Every structure is written in C-alpha cells, then in structure tokens.
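Whatever order the structure lists them in is the order used to number ligands and atoms, beginning at 1. If you're wondering where the values come from, they're calculated on a predicted model, not measured in any experiment.
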Amino acid sequence: MAENKIPYKIYLEESELPTAWYNLRADMKNKPAPLLNPATHQPMGFEDLRPVFCDELVKQELDDTTPYFDIPGEIIDFYKMYRPSPLVHAEFLEKALGTPAKIYYKFEGNNTSGSHKLNSAIAQAYYAKKQGLKGVTTETGAGQWGTALSMACSFFDLDCKVYMVKVSYEQKPFRREVMRVYGASVTPSPSETTAIGRKILEAHPGTSGSLGCAISEAVEVATGLEGYRYVLGSVLNQVLLHQSIIGLETKAACDKYGIKPDIIIGCAGGGSNLGGLISPFMGEKVRGEADYRFIAVEPASCPSFTRGKFAYDYCDTGMVCPLAKMYTLGSNFIPSANHAGGLRYHGMSSVLSQLYADGLMEARAVEQTSVFQAAELFARVEGTLPAPESSHAIRAAIDEALKCKETGEEKTILFGLTGTGYFDMTAYQKYNDGVMTDYIPTDEELEASFAQLPKMD
Ligand SMILES: *Cc1c(COP(=O)(O)O)cnc(C)c1O
C-alpha cells in the first residue's frame, strides 16, 4: 500500500479519537511500587484512599492489570472541543537546523488552558460529578493545572478550590483571572485558611510557597469538607492513564502515515505528559514488539531523575499524602528562585521511575538559558510560542537533530509540545533582557535534602 503523503499538520478525524485509555502498567513486567500509608508504611488500598480521591479514580490508581479503560461518552464529548490534537511535521525547524533528521511534535496547547493538563482535568471532574460530589480542591504551581481544572469543573458544574503557590499567584495574575472566569476560587498558598498553612507560615514567615505546601493545604480542605475530594494534575498513575490519549492519537497518526519514530522525547515535571506520550510505544517495547529510545528532559535546577534517589518519599511538605516510591530530590527540596519555569516538583511518577530504574528510558538535565534559546528558535521558525516546560523537550530534540547532522543519520525524532507560553512572559522577559541565569544545586544541598527522606525498614 502506498504511504499517504505526509502533510505539515496531521489531524486525525473526530471519528478516529481513541475510545479507551491505555494502562501501561498492565504490560510492565516490574510494576510500579504501591503507595504506602505515611504512618504505618503499609500499602494503601481502596478504603484507605477513598477519603481523599473519588472512588472511580482510586480504582484506576490501584489497577495494574487492566490494559484498557473505556473513555466515558461525556468525556469524549468534551475531548471533541480540542481533540484530536495535531501531530506536526517540523519542516521549518529541520530546515533551520540543516539536519537530515525528521522531526515531529504532538501539540497539546490548542485549548484555552494552554496545555495537556485538560486531558486529565476533565476525567477527574467527570468522576467527581458522577459520584455526586459538590466540588474538588487542588494545588497549582505555574497555573496550568488550576486553569485546566477550573475549565473542567465549570463544564460539569462542580465547585473548584485552587491553592496557588504564592509566588505564582503574585507573578501570574492573569492565570488567576482565567481560573476565576471559569468560576474557581483561588487562594495563595501557604494561607491562613488551613492548619498546615498556618503552621508553615509560622515556621517560615514571608515564604513564597511551594507545590508541596499547596498540596498539603488542598488535601486538608478536601478531607475536612463534606462532599469534596482532592485531585492532582500529575505524578499519579490515574493521570498517566488519562494522558495516554496523547500517545494513542500520536501512534494512530504515525501508523496512518507510516512514520516510525526512533527517538521519543518529552519534558518531565511529574511525568504525566511524557508518560502519556510514550505509553503505547513503551507498551510495544516492554512486550518485545518494537524498540524506541525514550528521553525524559528535566531542568538542571530540579534534576529528579538524573541526580535524585529512587526511594519512598513524601509527596507533599505537610506529609499528609501517601508515600510514593519515585526518583526524588526530597520533599523539602525547592528549586532555586532563579528557576523560571515549571517542572519544579521534587518527585516523579512511580511508573516512569520504575521504567527508568529498569533501563527502559533515558533522562537528561538541561539548563534554562539553553532551554530558552531553543524556545526562541522554535518560536521564530515554527510560529508557536512554546511553554518553558515544553521547551525542555525542544532543546533535547534539537540536540538530537544536530547529532544527526554530524553523522548524516536520518533518524525520526518525535517530541511532545505540551503547551503555549503566553502566561510565561516574565520568564521570556528575563531571557530577552539577558538577565536569565542558571542554577545547579550542589551535591551538598541535595545530600541535605536526601537526609530527610523517610526512614523505611
Ligand atoms: C504541567 C506541565 C508540564 C509538566 O508536567 P508533567 O506532569 O511532567 O507533564 C509540562 N508542560 C506543560 C505545558 C505543563 O503545563
């Protein structure tokens, strides 16, 4: 059969939207380690997690055996507003680099929230509504997750309480206002509205907050209010499951046009976009059906994979959440203040952590000035202004394409372009003004943080 000519932008038909999410855990030989109760260190089951998360999401979280979960019709209806998302052949970037490599990117920024996070937000809001809940609470750092969740909650008429890391609340007033347009209430964290917030403020007056603090506050509120649950935008197994929609669409588009990626690249914060993008491809790899190189790209200022420890750790600062086994920098680790973008979480998805520990995936850390150089080039030649997070993947894709230029290899490189950067202009301003700096934590700083990992027996 003749291959179809590959267009610049590959759009699947609406009728080709995947109808089930793929659960990579079902095919993994070494399963990700279970969540543990922070007090007893015993694995947490359905009953233990129910007070925090919606029932259906707890089932998804704990299920390591079911390979496919049907996507409910109401979620598919919402997906239709912005999916299928395009797979773009980056012809202009290839030309600018003079590389024989073929470069493709899956673009997830074509919705109002501006990132892939909406794929899981709508699923989590749907299950909360189906359970008859009044609302959900969450944290947001850079603001993309809070924006996505507020859109999803307004669609299902659910209350949405967002704890926003104080520094972002102050520096990104427009993100905050988008959330309010969709009806969410937004509180800067740490706040006086929770016991843990008051405790953190007492210990660190004037703190600019962290994701770990905001998580603790959101969990406290969810577990203390009748009819509320907590939802999280990354790291968890359920979030990777929902984000598999990215990889499934990408795989379908690749198969349709005979594209076979050699290298698949994604930025890694908590691991949800990368986990989603690679899932069907990694499934083939772990089943022995095909081989690919996978590269996780993280900031040198928050290097969970490349310099972290594979250990059980707290997911939040207040130590109210379950313990997760993951590559971690320690739950008290806060990236340096001159780190401009997201990707600042101390830990990493347990699924990706296990794949990395098993040698099935590579990781590399990149410095932010080189990330913004890549972002600038990408914006100028491909048109889209990328999110700083996504630009970590662009950096690595460009580096791989430049290697191909040296060796003459015509590799096919695929990366995830997770979002747009319109709300990140403070970071771009620093870059444009030439005042952006790089910071790499010292071994001593990391050791001090590792010393506070929970002692496991
Ligand atoms: C949140 C976010 C990320 C990082 O989160 P992951 O869970 O690692 O995917 C990357 N890019 C964008 C645009 C984001 O909003």
K.L.:
Taking only heavy atoms of Glu389, which atoms of ligand 1 are found under 4.0 Å from at least one of them?
P.N.:
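Counting atoms of ligand 1 from 1, those under 4.0 Å from Glu389 are 10 (C), 11 (N), 12 (C).
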K.L.:
Would you say Thr66 and Asn23 are linked by a side-chain donor-acceptor pair, where the criterion is simply a distance under 3.5 Å?
P.N.:
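The answer is no; no qualifying pair exists.
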K.L.:
Of all residues at least two apart in sequence or in a different chain, which pass the side chain to side chain donor-acceptor pair (under 3.5 Å) check with Gln60?
P.N.:
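For Gln60, the residues satisfying side chain to side chain donor-acceptor pair (under 3.5 Å) (neighbours in sequence not counted) are Tyr127, His242.
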K.L.:
One pair to check against side chain to side chain donor-acceptor pair (under 3.5 Å): Ser272 and His116. What are the steps and the verdict?
P.N.:
CA-CA 9 Å; Ser272 73; His116 67 286; 3.3 Å; yes
K.L.:
Measure the distances from the heavy atoms of His116 to every atom of ligand 1 and state whether one is below 4.0 angstrom.
P.N.:
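A heavy atom of His116 does come that close to ligand 1.
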K.L.:
Under 4.0 Å from any heavy atom of Leu343, which atoms of ligand 1 are there?
P.N.:
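So the answer, numbered in order with elements, is 4 (C).
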K.L.:
For Cys267, take its heavy atoms, then give the atoms of ligand 1 lying under 4.0 Å from any of them.
P.N.:
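Those of ligand 1 that fall under 4.0 Å from Cys267 are 10 (C).
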K.L.:
Looking at ligand 1, does any of its N/O atoms fall within less than 3.5 Å of an N/O of Gly271?
P.N.:
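Yes: some nitrogen or oxygen of Gly271 is under 3.5 Å from one in ligand 1.
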K.L.:
Which heavy atom of the protein is the closest neighbour of atom 1 (C) of ligand 1, given with residue, atom name and distance?
P.N.:
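Looking at atom 1 (C) of ligand 1, the protein heavy atom closest to it is Lys117 NZ, 1.3 Å.
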K.L.:
Check for a donor-acceptor pair, side chain of Arg176 on one end and backbone N or O of Tyr169 on the other, with a separation under 3.5 Å.
P.N.:
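Such a contact is found between Arg176 side chain and Tyr169 backbone.
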K.L.:
With a heavy-atom distance limit of 4.0 Å, tell me whether Ser272 approaches ligand 1 through its side chain, its backbone, both, or neither.
P.N.:
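The answer is both, backbone and side chain.
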K.L.:
Only counting residues at least two apart or in another chain, list the ones meeting side chain to side chain donor-acceptor pair (under 3.5 Å) with Tyr105.
P.N.:
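Applying side chain to side chain donor-acceptor pair (under 3.5 Å) to Tyr105 gives Glu382.
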K.L.:
For Thr194 and Glu217, does a side-chain donor sit closer than 3.5 Å to a side-chain acceptor?
P.N.:
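A pair is found: one side chain offers a donor N or O, the other an acceptor, under 3.5 Å apart.
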K.L.:
Start with the C-alpha gap between Lys411 and Asp262, add the side-chain angles, then the distance that decides, and say whether salt bridge (Lys or Arg N to Asp or Glu O under 4.0 Å) holds.
P.N.:
CA-CA 6 Å; Lys411 288 194 177 146; Asp262 298 296; over 6 Å; no
K.L.:
What atoms of ligand 1 come closer than 4.0 angstrom to any heavy atom of Gly269?
P.N.:
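Listed by number with element: 8 (O).
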K.L.:
Will you find, in the side chains of Lys161 and Thr187, an N or O donor that is under 3.5 Å from an N or O acceptor?
P.N.:
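No, no side-chain donor-acceptor contact under 3.5 Å.
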K.L.:
Which bit of Ala268 gets closer than 4.0 Å to ligand 1, counting heavy atoms only: side chain, backbone, both or neither?
P.N.:
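Backbone only.
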K.L.:
Near Ser234, which atoms of ligand 1 are under 4.0 Å from a heavy atom of that residue?
P.N.:
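Result: 6 (P), 7 (O).
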K.L.:
What protein heavy atom sits nearest atom 11 (N) of ligand 1, and how far off is it?
P.N.:
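In this structure, atom 11 (N) of ligand 1 has Thr418 OG1, 2.7 Å as its nearest protein heavy atom.
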K.L.:
Heavy-atom contacts with Ser115 under 4.0 Å: which atoms of ligand 1 show up? List them by number with element.
P.N.:
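What qualifies from ligand 1 is 13 (C), 15 (O).
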